[in-house]
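Scroll down for the structure; my scribbles are underneath it.
Any value given below was found using the heavy atoms of this structure, including those in side chains, with hydrogens, waters and symmetry copies removed. Chain identifiers are assigned alphabetically (A, B, ...) following the order of the sequence lines, protein sequences preceding nucleic acid strands; residue numbering begins at 1 within each chain.
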There are 2 protein chains.
Amino acid sequence: MAKREKRITIYDLAKSLNIAPSSVSKALNNSHAISSKIKKMVEDKAKELNYVHNTNAANLRRGFTRIIGVIVPKINESFFANIIAGIEKGCVQHEHSLIICQTEESLEKEVNAVQTLIRQNVDCILISLSLETQSTAHLEEIKNNHIHFIQFDRVSPAIESYTVVNDNAAAAYQAVAHLAKQGYQKIAYFGGPAHLNLYQERKLGYKNALKDLGLTFNQAFVKDEIISKENGLQEALRLLQADVKPDAFLCTSDYVSLGVLEALKTLNLTSPKDIGIIGFANEMFTQLIAPSLSSVNQFSYEMGQQIAELYFNEVMKNKENEELKSVKVKTEIVQRASSSR
Amino acid sequence: MAKREKRITIYDLAKSLNIAPSSVSKALNNSHAISSKIKKMVEDKAKELNYVHNTNAANLRRGFTRIIGVIVPKINESFFANIIAGIEKGCVQHEHSLIICQTEESLEKEVNAVQTLIRQNVDCILISLSLETQSTAHLEEIKNNHIHFIQFDRVSPAIESYTVVNDNAAAAYQAVAHLAKQGYQKIAYFGGPAHLNLYQERKLGYKNALKDLGLTFNQAFVKDEIISKENGLQEALRLLQADVKPDAFLCTSDYVSLGVLEALKTLNLTSPKDIGIIGFANEMFTQLIAPSLSSVNQFSYEMGQQIAELYFNEVMKNKENEELKSVKVKTEIVQRASSSR
DNA sequence: CTGTTAGCGCATTCAC
DNA sequence: GTGAATGCGCTAACAG
């Protein structure tokens with residue numbers, strides 16, 4: 001783009017007020033060490049001359065930027081969009097800006113995003129890992145450059161950091177307990193890639209609940225790479241046509257629940273009568289379709305706010321080597337028709 | 001945040017290679033005026049010493065930033081989330097970063113967002129106006145600071161700029177034509193605030209279609225401030241209990257369609273038999289509920305891509321005073337159950 | 001409280 | 001092709 005025409009600087013203000021540039025700087029930054037008289041003078045003159053602060057120059061001088069970088073798999077998945085909205089809210093309150101990157105579930109793009117953000121001198125990187133990510137060398141780079149670092153939702157235990165996550169094990173446990181209470185006994189689990197912490201934990205919660213409730217665990221009812229409606233449809237069809245059939249599904253995504261629902265239609269089964277279903281994320285559509293879908297509300301917007309809070313209240317202020325806190329975001333079973341009998 | 005420890009600079013690279021800093025800079029920027037031998041040397045050394053380019057310093061020196069600012073009403077509305085995702089895609093291709101702001105439909109926040117972005121020295125601001133926005137002084141500031149400027153979706157004609165929008169008049173026209181073809185005759189229009197261009201145009205398209213098709217226009221069937229499910233429910237109840245009732249609704253939002261649907265249930269009417277419905281935006285849920293909802297697909301992700309394309313292919317390269325192009329994004333009537341009889 | 005000085009890290013003249 | 005000098009605009013350290 002064309003270079004800007006020469007812009008008004010603090011030197012211009014200083015000259016036209018016959019004071020020192022540093023006084024102008026202090027006045028504009030609301031420093032204690034400046035009289036309110038000069039502050040007023042400077043502010044008025046700044047308005048008069050249409051002065052705009054050059055954040056870039058200040059950043060260079062200061063060494064920090066008041067910019068936070070966020071990396072998510074997909075901006076336009078409602079779960080992540082809500083988180084970003086929550087983070088943005090916190091950033092505005094603390095006068096920070098937000099640079100957003102999406103990985104589209106690709107490790108390569110994630111690595112690039114991290115590099116870009118490091119070069120931009122962001123103060124902190126907030127990241128939810130891509131499905132592909134199993135190595136963490138690029139995350140080590142964040143630390144090497146002394147940039148603050150919070151993982152959320154999809155986090156890697158392979159690298160130490162602050163984290164913000166749902167209590168996924170508890171959520172899955174409660175979901176199973178809920179299904180059992182409604183009289184379902186043979187509960188299947190449809191999870192995502194097992195290398196991701198959150199799916200491991202949900203599976204763990206599922207297993208523990210079965211054990212505690214005295215329900216039998218059947219390995220054939222546990223599937224790990226089910227992350228889309230299509231996956232859910234196919235796998236549900238397979239299970240429901242086997243000799244030993246489940247009578248309920250715990251899906252780790254509402255989209256997978258949709259697939260299961262479609263499988264039921266194909267096989268002339270109904271929910272909740274024949275088969276119970278509960279999903280994760282409490283997507284908008286779960287309350288609109290028939291039967292309405294039970295789901296685990298993950299409070300994504302609140303998660304975003306808590307991520308921001310964690311950064312501004314703790315991480316930003318901390319000295320080196322403080323304890324790395326792990327924040328748990330509440331969850332809630334939203335019972336709807338698909339699991340009510 | 002804590003100041004970074006002293007980082008490797010081009011001076012460090014220069015010293016350890018016994019060449020001039022400026023040569024390092026040129027090598028890293030792939031300048032013509034540098035031998036490939038030195039380029040190689042520099043690159044290797046950079047990797048060895050873990051050099052990271054300081055974008056901030058470069059920006060200050062250059063006068064531009066390769067950062068684009070986006071301002072939308074709500075990040076987590078799927079329409080805007082999709083647009084942002086599309087823009088981000090284009091930015092990555094052209095090695096630009098994206099700063100995101102949301103206004104939550106507040107003019108005050110919009111003004112703040114614009115100021116922040118100007119101070120950040122973004123190269124371009126992409127904006128979709130808040131519902132409150134009727135003045136444009138803050139947008140003039142963008143121009144005064146010689147920052148490129150594209151309006152999309154919700155644009156103000158009060159300020160000249162590049163624009164990217166759907167052909168809203170044509171879309172509404174086609175929606176009415178579609179309803180008419182399905183045998184609906186008394187079509188109501190539920191639009192948003194009339195000061196916004198896109199609602200004006202949709203209403204215009206609606207009126208023109210009625211005229212061209214020989215359908216009677218009834219002022220009582222036209223409502224302008226209907227933007228939520230609740231609004232839609234209330235207003236539909238009112239219209240459907242009046243003496244002269246509509247037999248179809250053109251809603252400028254799918255959420256409003258939901259409200260209309262609920263009104264029908266309350267009144268023991270059914271769609272599409274008694275009442276036809278078509279909405280705007282083609283939200284995910286429109287295909288999931290019963291009856292499935294017809295809608296105008298606005299191709300939001302593609303809109304995002306086209307915004308980015310417009311910037312990188314035209315705006316960024318242009319000299320001053322070129323023609324301000326207005327890009328139209330295609331739309332498409334997605335016919336589903338709610339308008340099929 | 002106010003002013004002087006220096007330099008953040010880089011890209012860009014302009015010499016050579 | 002390469003190098004030496006300059007300054008983008010700001011803030012921080014220090015002196016007064």
Could you tell me the separation between the [atom1] atom of [X] and the [atom2] atom of [N], rounded to a whole number of Å?
X	N	atom1	atom2	result
A:Met41	C:dT2	CE	P	9 Å
A:Asn56	C:dC8	CG	P	17 Å
A:Arg7	D:dG9	CZ	C1'	9 Å
B:Asn54	C:dG7	CG	P	18 Å
A:Asn59	C:dG9	CG	C1'	13 Å
B:Arg61	D:dC8	CZ	P	8 Å
B:Tyr11	C:dC8	OH	P	9 Å
A:Leu17	C:dT2	CG	P	12 Å

Nearest to the side chain of [X], which nucleotide is it out of [options]?
X	options	value
B:Arg62	C:dG9, C:dA11, D:dG9	C:dA11
B:Ala58	C:dC10, D:dA12, C:dG9	C:dC10
B:Tyr51	C:dA11, D:dC10, C:dC10	C:dC10

Which atoms form the tightest heavy-atom contact between [X] and [Y], and what is the distance?
X	Y	value
B:Asn56	A:Asn59	OD1-CB, 3.3 Å
A:Leu28	A:Ile10	CD1-CG2, 4.0 Å
B:Glu104	A:Lys89	OE2-NZ, 3.6 Å

Quick note, salt bridge (Lys or Arg N to Asp or Glu O under 4.0 Å) partners involving residues 146-157 of chain A, not counting sequence neighbours, are A:Glu105-A:Arg154

Contacts satisfying salt bridge (Lys or Arg N to Asp or Glu O under 4.0 Å) that involve residues 33-42 of chain B (not counting sequence neighbours) are B:Lys40-B:Asp44

Review point. Any donor-acceptor pair under 3.5 Å linking the side chain of A:Asp123 with the backbone of A:Thr65?
Key: yes

Residues 85-124 of chain B vs ring pair (Phe, Tyr, Trp, His ring centres under 6.0 Å), sequence neighbours excluded, gives B:His94-B:Phe312, B:His96-B:Phe312

Below 4.0 angstrom from OP1 or OP2 of [N], is there any side-chain N or O of [X]?
X	N	answer
A:His53	D:dT11	yes
B:Asn29	C:dA11	yes
A:Thr9	D:dG9	no

Rounding to the nearest 10°, end axes of the helix from C:dC1-D:dG16 to C:dC16-D:dG1 built from five pairs each make an angle of 30°

Side-chain donor-acceptor pairs under 3.5 Å in residues 67-76 of chain B, sequence neighbours left out?
residue : atom : partner : partner atom : Å
B:Asn76 : ND2  : A:Asn82 : OD1          : 2.8

Q. Is there side-chain contact between A:Ile150 and A:Leu310, with at least one heavy-atom pair below 4.5 Å?
A. yes

Check nucleotides 2-4 of chain D against the protein and report each pair of N or O atoms closer than 3.5 Å, with its distance, or say if there are none.
residue : atom : partner : partner atom : Å
D:dT2   : OP1  : B:Ser35 : OG           : 3.3
D:dT2   : OP2  : B:Ser35 : N            : 2.8
D:dT2   : OP2  : B:Ser35 : OG           : 3.1
D:dG3   : OP2  : B:Ala20 : N            : 3.1
D:dG3   : OP2  : B:Ser23 : OG           : 2.8
D:dG3   : N7   : B:Ser22 : OG           : 3.3
D:dG3   : O6   : B:Lys26 : NZ           : 2.7
D:dA4   : N6   : B:Ser22 : OG           : 3.1

